[in-house]
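For reference, the structure is listed below as structure tokens.
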Number of protein chains: 2
Amino acid sequence: MVKLDSVFHALADPTRRAILARLIEGEATVDEIREPFAMSQPSISRHLKVLEQAGLISARIEGTSRPRRIEPVAFAVIEDWLEQYRAIWQANYARLDEVLTELKLKDDAT
Amino acid sequence: MVKLDSVFHALADPTRRAILARLIEGEATVDEIREPFAMSQPSISRHLKVLEQAGLISARIEGTSRPRRIEPVAFAVIEDWLEQYRAIWQANYARLDEVLTELKLKDDAT
DNA sequence: TCATTATATATTACATCAGCTATATAGCAA
DNA sequence: TTGCTATATAGCTGATGTAATATATAATGA
């Protein structure tokens with residue numbers, strides 16, 4: 001049912017956002033997802049569970065592996081929630097555009 | 001510096017999202033913000049602090065009160081982060097549009 | 001100055017989170 | 001069946017989150 005509470009909670013963790021970023025490239029197994037992280041397999045599986053329960057990803061069973069992929073609906077729900085604030089931030093767009101460019105240079109955008 | 005960790009964490013709480021929704025209408029003092037909630041004033045102040053530290057709102061001092069308002073930059077940062085997923089969810093847009101309509105009928109969109 | 005109003009901070013209790021290690025399960029291959 | 005690989009679950013621990021009550025601070029008005 002894609003609840004904003006769990007969606008935003010899932011997104012609040014940098015490891016989970018990095019996992020999502022990896023899945024933009026396409027499906028990946030737990031081991032493939034785990035590879036770049038200095039983290040135990042159970043911890044990664046836990047993160048995947050949080051993402052899955054939030055509706056942000058889904059799993060498919062293929063033999064002994066369970067490749068994950070991004071589930072677009074949850075992102076649409078965020079987009080939809082954000083909609084009500086768009087009028088406010090677009091009113092300041094001229095400035096914000098510059099601000100964002102600066103932020104992108106400084107910040108870690110994952 | 002608007003960190004996604006703190007932004008998403010702030011948004012994960014329904015009370016805080018309701019506060020933001022209230023602020024869409026415009027500036028409000030703590031007491032005004034508090035009014036619809038069955039919650040103590042310190043708890044509301046705590047939520048406001050979380051929102052402020054995430055960069056989602058800001059405070060202004062006016063006599064003895066400190067009206068809050070929405071800070072657009074943080075929302076632009078979310079929008080910007082979401083951007084990388086837009087291609088994925090828009091690919092499924094035809095279906096998603098219907099899904100969202102359904103979700104809006106069922107869910108609490110705050 | 002004193003009282004009042006608006007808001008913030010301190011403290012405490014309890015719940016949830018995020019990591020780990022150890023162990024369980026499920027499919028495949030020999 | 002046995003063992004190997006991929007993944008999930010259980011249980012523990014320390015850190016963090018959220019709510020409450022009690023108290024502090026800061027501005028205003030009498």
Side-chain angles (χ1 to χ4, degrees), chain A residues 3-23 26-71 74 108 110, chain B residues 3-23 26-71 74 108 110:
Chain A
K3 241 261 170 202
L4 285 173
D5 274 33
S6 38
V7 168
F8 284 132
H9 170 250
L11 295 177
D13 184 282
T15 301
R16 289 194 287 262
R17 288 198 306 279
I19 290 173
L20 288 175
R22 164 67 185 79
L23 293 177
E27 277 194 345
T29 66
V30 174
D31 260 17
E32 286 164 354
I33 291 166
R34 181 192 183 183
E35 198 260 339
F37 299 101
M39 195 177 283
S40 69
Q41 171 265 313
S43 299
I44 296 290
S45 280
R46 188 59 100 88
H47 283 306
L48 292 172
K49 195 173 189 178
V50 171
L51 287 166
E52 186 166 355
Q53 287 179 340
L56 287 156
I57 65 173
S58 62
R60 181 169 71 80
I61 297 176
E62 188 181 73
T64 160
S65 78
R66 309 188 52 186
R68 305 309 212 277
R69 65 160 165 265
I70 284 180
E71 206 51 60
D108 171 25
T110 47
Chain B
K3 244 260 167 204
L4 284 172
D5 275 34
S6 39
V7 168
F8 284 134
H9 169 250
L11 295 178
D13 183 283
T15 301
R16 289 194 287 261
R17 289 198 306 281
I19 290 172
L20 288 175
R22 164 64 183 82
L23 293 176
E27 279 194 342
T29 65
V30 175
D31 261 17
E32 285 164 355
I33 291 166
R34 180 191 184 184
E35 196 261 338
F37 298 102
M39 193 176 288
S40 70
Q41 171 265 314
S43 299
I44 296 289
S45 280
R46 188 57 103 85
H47 282 306
L48 292 173
K49 195 174 188 178
V50 171
L51 288 166
E52 186 166 354
Q53 287 179 340
L56 287 156
I57 65 172
S58 62
R60 180 170 71 81
I61 297 176
E62 188 181 74
T64 158
S65 78
R66 308 190 52 186
R68 305 310 212 276
R69 65 159 164 264
I70 284 181
E71 205 51 60
D108 172 24
T110 47

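A note on names: the letters A, B, ... follow the listed sequences, proteins ahead of strands, and every chain is numbered from 1.
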Whole angstroms only, please: what is the NE2-P distance between A:H47 and C:dT16? 19 Å

Return the value, rounded to whole Å, for the distance between atom CD1 of B:I61 and atom P of C:dA8. 9 Å

Counting primed atoms, P, OP1 and OP2 as sugar-phosphate and everything else as base, the B/S/- map of nucleotides 1-14 of chain D against protein heavy atoms under 4.0 Å is ----BSBBB-----

Contacts of B:E27 that satisfy salt bridge (charged side-chain N to carboxylate O under 4.0 Å, His left out) - sequence neighbours left out: B:R60, B:R69

In this structure, how many angstroms lie between the C1' atom of D:dA19 and the CZ atom of B:F37, rounded? 14 Å

For B:R16 and D:dA19, what is the distance between atoms CZ and C1' respectively, to the nearest whole Å? 12 Å

Under the side-chain contact (heavy atoms from CB on, under 4.5 Å) test, residues paired with B:S43 that sit two or more places apart: B:M39, B:S40

Applying salt bridge (charged side-chain N to carboxylate O under 4.0 Å, His left out), name anything that partners A:R66, two or more places apart in sequence or on another chain. none

Beyond-backbone contact of B:L48 with B:I33, side-chain heavy atoms, under 4.5 angstrom: yes

Rounded to whole angstroms, how far apart are CD1 on A:I44 and P on C:dT21? 13 Å

To the nearest Å, give me how far apart CE (A:M39) and P (C:dT21) are. 12 Å

Could you state the atom-to-atom distance from NE2 of B:H9 to P of C:dT16 in whole Å? 14 Å

B:D5 atom CG is separated from C:dC17 atom P, nearest whole Å, by 15 Å

Partners meeting salt bridge (charged side-chain N to carboxylate O under 4.0 Å, His left out) with A:D31 (sequence neighbours left out): none

Would you mind listing every salt bridge (charged side-chain N to carboxylate O under 4.0 Å, His left out) that reaches into residues 43-53 of chain B, with sequence neighbours excluded? B:E52-B:R68

